[in-house]
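Not measured: the values here are computed from a predicted model.
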Amino acid sequence: MKRFKLSRRAFLGGAGAILALPALEMFSPKNAKAEPNDLKRILAFYVPNGIHMPAWTPTTEGDQYALPTILEPLGALREKVLVLSGLANTPARPDGPGDHAAGTAGFLTCRHVVKTEGANIKNGISMDQVAAAHLGQFTRIPSLQLGIDGGSSAGDCDSGYSCAYARNISWASETQPLPKAVNPQVVWDILFGGFDPKATAEEQARQKIYRTSVLDYVLEEANSLNGKLGTTDRRKLDEYMTGINELEKKIQKTDSGPQCTPMNRPPGDLPYPEHVRMMLDLIALSVQCDATRVVSFMLGNAGSGRSYPFLLVNEGHHEISHHQNLDANYEKLTIIDRWEVEQFAYLLGKLQAIDEGNGVSALDSSAVFFSSEIEDGNAHRHTNLPVLVGGSLGGVFKPGRHVVYPDETPLANLFLSMLQGAGVPVTTFGDNGTGPLSNL
C-alpha cells in the first residue's frame, strides 16, 4: 500500500483545529520498524477517603500474587497494572486536623501546604503540571483537569484548610490551583469545539452554533479518505468516528449547553454512574485524538460524603470511612472501593482498546496513577498508601506485579520515575523526593 508523508497528528482538512486522526498505518514511514510508540502520557486518578486496605493488599509479592476483593475488577488487565505497597506521602500530613484537605492538596505535589482558609494558600507545582510543561508542547491542550464534583475554591472545607486544597489536585504554581471541569458538555467543547470557558455568553453562543456543524464536516472528510485507506485503516477510522458520533449523541441528551459557572453535577438528569463513565469516555477520546497527553481526574472532592444507593450503600462515604473497626462498615467500604477500582479498570480498558500501531496500545504508552489522599479513613494515615500504576509508559515500567517497598518510601520518588520515564528532565520533586524508585 502507498505510504503518505503525513504525521501522526495529521488533521482532517479544515477541521484541524477540532479533531486529530487516530494513528493509521498510512501515516507510518515506509520503512518503519516494529518498535514501541514514542508517545508518552501521564494520567492521574484520585479517589477520596482512603481504601479498606485489608481487602486491597495482595498477600504475596511478585507476578504470582492473587487479586484481593477490591482489586478483582482488574482481572482482565492484571498484566498491565503495578500494585505498589509501602509508599507514603508524609509531607501531606496536616498541621492538626485536616487530613483530607491537606492530603488532597499534596496528592500530586508531595508538598506540605500552608494551613489557611484565606487567600494566602501555598502548595507546590503538581506532578501533572511538571509533565505538562514538557509534554504539552506536542499537543493542542497542554493538560486537562477533570472531575465529578465542582465547587468554589474559596472558604474553609476542612478544619481550617481552604477549599482550594480540598477541590483541586492540579497546581500550576505554589499559589495557583487549576480548577477541574465537571460538565461533560464543557469538556466536549474544550476538546472538539474550540470552546473557551472564559468567553462571553455571546461568544459561547457563536461557538455552539459552529460546533453543531463540525461533526458532519469531519465525517464527510473522513469518508473522502476511505478510498485511500487499507482495510485495517478503514476499520480504525470507522471505529473512531463511530465512537465520536455516539459520544456526541449521549452528551446532547443533557438539558443545556456549556456552563462556565462551577457546578456540583452536570446539567440534566444524569445519574452519577453515567456521569463518571461519560467523563472517562472523554478522557479516552482525548487520548485517542492526541488532544492532550496529561490528564488529572477526581472521582470526588476531599472527604466526599456521597452515598451510593445504586450499590445499596445509603450512608455517606466519609461517614463510613470512619469505620470504628465495625465489620458492617468494612463491608460497605469494600463495596465502594471495589466500584472505584471498576471505574479505573474501565478507563484502562478504553486505553488498551486504542491501537497506536506496531502492537502498541494507548495504555502501553501511558502511566496511569491511582490513589487516595490517605490510606485508612479512620486513622487518617498518609503512609502505605493504596497505589496502582496502569500501563508501562512505553516499556519503562514492568507491570503485572505487586511490589513492596520499605515503609515510608516517598511517593515523590514514584513521580520522579514517571516524569523521567516520560522524558521530563527533572531530578527532584516535592518536599522529600530522593530519586526514582527501583524495581518498577
Asks: Under the salt bridge (Lys or Arg N to Asp or Glu O under 4.0 Å) rule, collect the residues that match up with Lys350, sequence neighbours excluded.
Replies: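 Testing Lys350 for salt bridge (Lys or Arg N to Asp or Glu O under 4.0 Å), a comparison that skips the adjacent residues, returns Asp281.
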Asks: Measure the shortest side-chain to side-chain distance between Tyr405 and Asn413 over non-hydrogen atoms and say whether it is less than 4.5 angstrom.
Replies: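 Tyr405 vs Asn413: side chains apart.
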Asks: Assess, by modelled atom type and distance only, whether the side chains of His318 and His100 contain a donor and an acceptor separated by less than 3.5 Å.
Replies: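 Note: His318 and His100 side chains meet the donor-acceptor criterion.
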Asks: Any donor-acceptor pair under 3.5 Å linking the side chain of His380 with the backbone of Pro97?
Replies: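 Between the backbone of Pro97 and the side chain of His380 there is no qualifying donor-acceptor contact (under 3.5 Å).
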Asks: Quick one: pull up CG in Leu282 and CD1 in Ile190 and give me the separation to the nearest 0.5 Å.
Replies: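 Reported to 0.5 Å precision, the distance equals 10.0 Å.
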Asks: Which heavy-atom pair separates Thr292 from Ile141 by the least distance, and what is that distance?
Replies: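 Looks like OG1-O, 2.9 Å.
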Asks: So which heavy atom on Gly103 is nearest to which on Glu373, and how close?
Replies: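 Scanning both residues completely, I find the closest heavy atoms to be C-CB, 3.4 Å.
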Asks: For the residue pair Thr109 and Phe415, establish whether any side-chain heavy-atom pair is separated by less than 4.5 Å.
Replies: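 They are not in contact (no side-chain heavy atoms under 4.5 Å apart), so the answer is no.
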Asks: Flag the pair His317 / Lys332 as yes when at least one side-chain heavy-atom distance between them is below 4.5 Å, and no otherwise.
Replies: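 The answer is no, as the side chains (C-beta and beyond) never meet within the 4.5 Å cut-off.
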Asks: If you define the side chain from C-beta out and look only at heavy atoms, does anything of Tyr330 sit under 4.5 Å from Asn325?
Replies: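 Yes - at least one pair of side-chain heavy atoms lies under 4.5 Å apart.
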Asks: State which residues pass side chain to side chain contact (heavy atoms under 4.5 Å, CB included) with Pro425; sequence neighbours excluded, sorted by chain then number.
Replies: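 His134.
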Asks: Write down the atom of Asn301, the atom of Gly150, and the distance for their closest heavy-atom approach.
Replies: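 Scanning both residues, the minimum pair turns out to be ND2-O, 3.0 Å.
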Asks: Quick check for you: to the nearest 0.5 Å, what is the distance between Phe107 atom CZ and Ile169 atom CD1?
Replies: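 Phe107 atom CZ to Ile169 atom CD1 measures 5.5 Å (nearest 0.5 Å).
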Asks: With no hydrogens and no angle check, just 3.5 Å: does a side-chain donor-acceptor pair link Ser304 and Asn49?
Replies: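 Checked: Ser304/Asn49 side chains show no N/O donor-acceptor pair below 3.5 Å.
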Asks: Output a table of donor-acceptor pairs, distance under 3.5 Å, between side-chain atoms of residues 79-89 and any protein atom two or more places apart or on a different chain; print 'none' if there are none.
Replies:
unit_1	atom_1	unit_2	atom_2	d
Lys80	NZ	Asp364	OD1	2.7
Ser85	OG	His402	NE2	2.8
Asn89	ND2	Gly106	O	2.8

Asks: Could you check whether any side-chain N or O of Arg78 sits under 3.5 Å from a backbone N or O of Asp63, counting only pairs where one atom can act as donor and the other as acceptor?
Replies: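 Indeed, once roles are kept as given, a pair shorter than 3.5 Å links the two residues.
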Asks: Is Phe344 close to Val47 at the side-chain level, that is, under 4.5 Å between some pair of heavy atoms?
Replies: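 In short, these two side chains do not touch, never coming nearer than 4.5 Å.
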Asks: Just verifying a value: how many Å separate Arg338 CZ and Ile70 CD1, rounded to the nearest 0.5 Å?
Replies: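 The CZ atom of Arg338 sits 9.5 Å away from the CD1 atom of Ile70.
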Asks: Shortest non-hydrogen contact from Pro94 to Asp99?
Replies: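 Distance-wise, the nearest heavy atoms are CD-OD2, 3.2 Å.
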Asks: Hey, does Val114 have a side-chain heavy atom less than 4.5 Å from the side chain of Tyr165?
Replies: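 They are in contact (side-chain heavy atoms under 4.5 Å apart), so the answer is yes.
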Asks: Name all residues meeting the disulfide bond (SG atoms under 2.5 Å apart) criterion together with Cys110; count only those two or more places apart in sequence or in a different chain, and write none if there are none.
Replies: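 Cys110: no disulfide bond (SG atoms under 2.5 Å apart) contacts found.
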Asks: Evaluate the side-chain contact (heavy atoms from CB on, under 4.5 Å) criterion for residues Asp337 and Trp56: first the C-alpha distance (whole Å), next the side-chain angles of each, then the deciding distance (0.1 Å), finally the verdict.
Replies: CA-CA 9 Å; Asp337 297 342; Trp56 162 284; 6.0 Å; no
Asks: Carefully, step by step, assess Leu299 and Val276 under the rule side-chain contact (heavy atoms from CB on, under 4.5 Å).
Replies: CA-CA 8 Å; Leu299 194 59; Val276 172; 3.7 Å; yes
Asks: As an exercise, state the distance from CE of Met418 to OG of Ser366, rounded to the nearest 0.5 Å.
Replies: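 Atom-to-atom, Met418:CE and Ser366:OG are 9.5 Å apart.
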Asks: Taking C-beta and beyond as the side chain, do Val341 and Leu71 meet within less than 4.5 Å on heavy atoms?
Replies: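 In short, these two side chains touch, coming nearer than 4.5 Å.
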Asks: Could you state the interatomic distance from CZ (Arg167) to CG (Asp158), rounded to the nearest 0.5 Å?
Replies: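 It is 11.0 Å, given to the nearest 0.5 Å.
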Asks: Could you state the interatomic distance from CG (Leu437) to OG1 (Thr434), rounded to the nearest 0.5 Å?
Replies: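 If I round to the nearest 0.5 Å, the distance is 8.0 Å.
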Asks: Can any side-chain N or O of Ser371 pair as donor or acceptor with the backbone N or O of Pro386 at less than 3.5 Å?
Replies: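 Pair found, side chain donor or acceptor close to backbone of Pro386.
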Asks: Measure across Ser372 and Pro48 and return the closest heavy-atom pair with its distance rounded to 0.1 Å.
Replies: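 Minimum heavy-atom separation between Ser372 and Pro48: OG-C, 3.6 Å.
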Asks: Quick check against the 3.5 Å criterion: does Lys115 have a side-chain atom that pairs as donor or acceptor with the backbone of Gly160?
Replies: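 Absent.
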Asks: Look at the side chain of His322 and the backbone N and O of Glu319, then say whether any donor-acceptor pair between them is shorter than 3.5 Å.
Replies: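 Looks like no, no N/O pair under 3.5 Å.
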Asks: Taking atom types as modelled and ignoring hydrogens, do the side chains of Ser143 and Asp128 form a donor-acceptor contact shorter than 3.5 angstrom?
Replies: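 Looking only at side-chain atoms, Asp128 and Ser143 do not form any donor-acceptor pair under 3.5 Å.
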Asks: Is there a donor-acceptor contact under 3.5 Å linking the side chains of Glu408 and Thr383?
Replies: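 Judged by distance alone, the side chains do not pair up.
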Asks: Should Ile283 and Met279 be marked as a side-chain contact (heavy atoms from CB on, under 4.5 Å) after you check the CA-CA gap, both sets of side-chain angles, and the distance that decides it?
Replies: CA-CA 6 Å; Ile283 292 173; Met279 297 300 278; 5.6 Å; no
Asks: Can you tell me if Ser307 uses its side chain to pair, donor with acceptor, with the backbone of Pro309 under 3.5 Å?
Replies: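 Looks like no, no N/O pair under 3.5 Å.
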Asks: Using a strict cut-off of less than 4.0 Å between a Lys/Arg side-chain nitrogen and an Asp/Glu carboxylate oxygen, indicate whether Arg111 and Asp431 qualify as a salt bridge.
Replies: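 The answer is yes: the pair qualifies as a salt bridge.
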Asks: Considering residues at least two apart in sequence or located in another chain, which fulfil the salt bridge (Lys or Arg N to Asp or Glu O under 4.0 Å) criterion with Lys180?
Replies: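 So Lys180 forms no salt bridge (Lys or Arg N to Asp or Glu O under 4.0 Å) with any residue.
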Asks: Report yes or no: does Ser162 contribute a side-chain atom to a donor-acceptor pair with the main-chain N or O of Ser153 at less than 3.5 Å?
Replies: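 Yes; judged by distance alone, with no hydrogens or angles, the pair exists.
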Asks: Can you sort out the partners of Glu375 under salt bridge (Lys or Arg N to Asp or Glu O under 4.0 Å), two or more places apart, ordered by chain and number?
Replies: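 Only Arg381 meet the salt bridge (Lys or Arg N to Asp or Glu O under 4.0 Å) criterion with Glu375.
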Asks: When you check the gap from the basic side-chain N to the acidic O, do Glu356 and Arg41 get nearer than 4.0 Å?
Replies: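 A salt bridge links Glu356 with Arg41.
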Asks: Do Ile121 and Trp171 have side-chain heavy atoms sitting under 4.5 Å apart?
Replies: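 In contact.
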Asks: Closest heavy-atom contact between Ala181 and Val187?
Replies: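 Distance-wise, the nearest heavy atoms are CB-CG2, 3.8 Å.
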Asks: Check step by step if side-chain contact (heavy atoms from CB on, under 4.5 Å) holds for Tyr46 and Leu108.
Replies: CA-CA 10 Å; Tyr46 165 95; Leu108 291 180; over 6 Å; no
Asks: Could you verify whether a donor N or O on one side chain and an acceptor N or O on the other, from Thr69 and Thr334, lie under 3.5 Å apart?
Replies: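 No, no side-chain donor-acceptor contact under 3.5 Å.
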